[in-house]
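This report refers to the structure that appears directly beneath it.
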Amino acid sequence: MFWVTFVILMDQLSKMIVEKYLVQPFFAIPGVLWFTYTRNTGIAFGMFSRSPWVLWITFAVTFLLAALPIFIRCSLLTRAGLQMVVGGAIGNMIDRFRFGYVVDFISVRYFPAIFNIADSFITIGGILILLSLLRGERSFANDGREKRSEPKT
């Protein structure tokens, strides 16, 4: 649960700093990376802003992902990826329930949306899970027998 806790703390701390101190856009790397405060009423990159049922589905899926390692043994890479996804989702849900929106502030040139630390870890976690699947990492079945998921060719 290290990554869940770490992601939530980093996400919430960064959002508190942004809300308190970022009054105008700040260019960290001119022409490439800047910080700008925005309120996202949607889910991923502002989509579904007028669909509250999507929020509840996201909430349910997050807790299913959090429970997955309880029922299925996962590789360390998959477990870390799942924890990052869950931590990011919880970080954004905290904002959603507290404010009715999510604080976004990271803007990268050529990327169409403004995002936050939680979104970054959701993406990184998803990539780690995908890498684990592509590598056919070893995991253990519920009965304790070792099993290897082979990539399909």
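Any value given below was found using the heavy atoms of this structure, including those in side chains, with hydrogens, waters and symmetry copies removed. Position 1 is the first residue of the sequence; numbering continues from there.
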Sequence-distant partners of Asp11, side chain to side chain donor-acceptor pair (under 3.5 Å), two or more places apart: Lys15

Sequence-distant partners of Ser14, side chain to side chain donor-acceptor pair (under 3.5 Å), two or more places apart: none

Check against side-chain contact (heavy atoms from CB on, under 4.5 Å), Asn116 and Asn92: CA-CA 9 Å; Asn116 58 41; Asn92 282 338; 3.1 Å; yes

Cluster overlap [X] with [Y], hydrophobic side-chain contacts below 4.5 Å:
| X | Y | value |
| --- | --- | --- |
| Phe121 | Leu131 | yes |
| Leu9 | Phe115 | no |
| Phe2 | Ile124 | yes |
| Ile122 | Ile127 | no |
| Phe97 | Ile8 | yes |

Ignoring hydrogens and angles, write down the donor-acceptor pairs under 3.5 Å from the side chains of residues 22-35, residues two or more places apart or on other chains.
from: Trp34; atom 1: NE1; to: Ser107; atom 2: OG; distance (Å): 3.4

Heavy-atom pair with the smallest gap, counting every atom of Ile114 and Phe105: CG2-N, 3.6 Å

Residue pairs passing the salt bridge (charged side-chain N to carboxylate O under 4.0 Å, His left out) test where at least one lies in residues 16-35, sequence neighbours excluded: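 Not a single pair qualifies under salt bridge (charged side-chain N to carboxylate O under 4.0 Å, His left out).
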
Ile94 side chain near Gln12 side chain, heavy-atom distance below 4.5 Å: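 Sidechains of Gln12 and Ile94: in contact.
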
Aromatic ring pairing Tyr101/Phe99, orientation class (parallel under 30°, perpendicular over 60°, tilted between):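 Parallel: the ring planes of Tyr101 and Phe99 meet at under 30°.
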
Sole candidate of Asp95, Asp119, Thr38 that passes side-chain contact (heavy atoms from CB on, under 4.5 Å) when paired with Val102: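 The passing option is Asp95.
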
Leu13: hydrophobic cluster co-members (side-chain, 4.5 Å): Met16, Ile17, Tyr21

List, one per line, each side-chain donor-acceptor pair under 3.5 Å for residues 76-87, sequence neighbours excluded.
from: Thr78; atom 1: OG1; to: Ser75; atom 2: OG; distance (Å): 3.0
from: Thr78; atom 1: OG1; to: Ser132; atom 2: OG; distance (Å): 2.6
from: Gln83; atom 1: OE1; to: Trp3; atom 2: N; distance (Å): 3.2

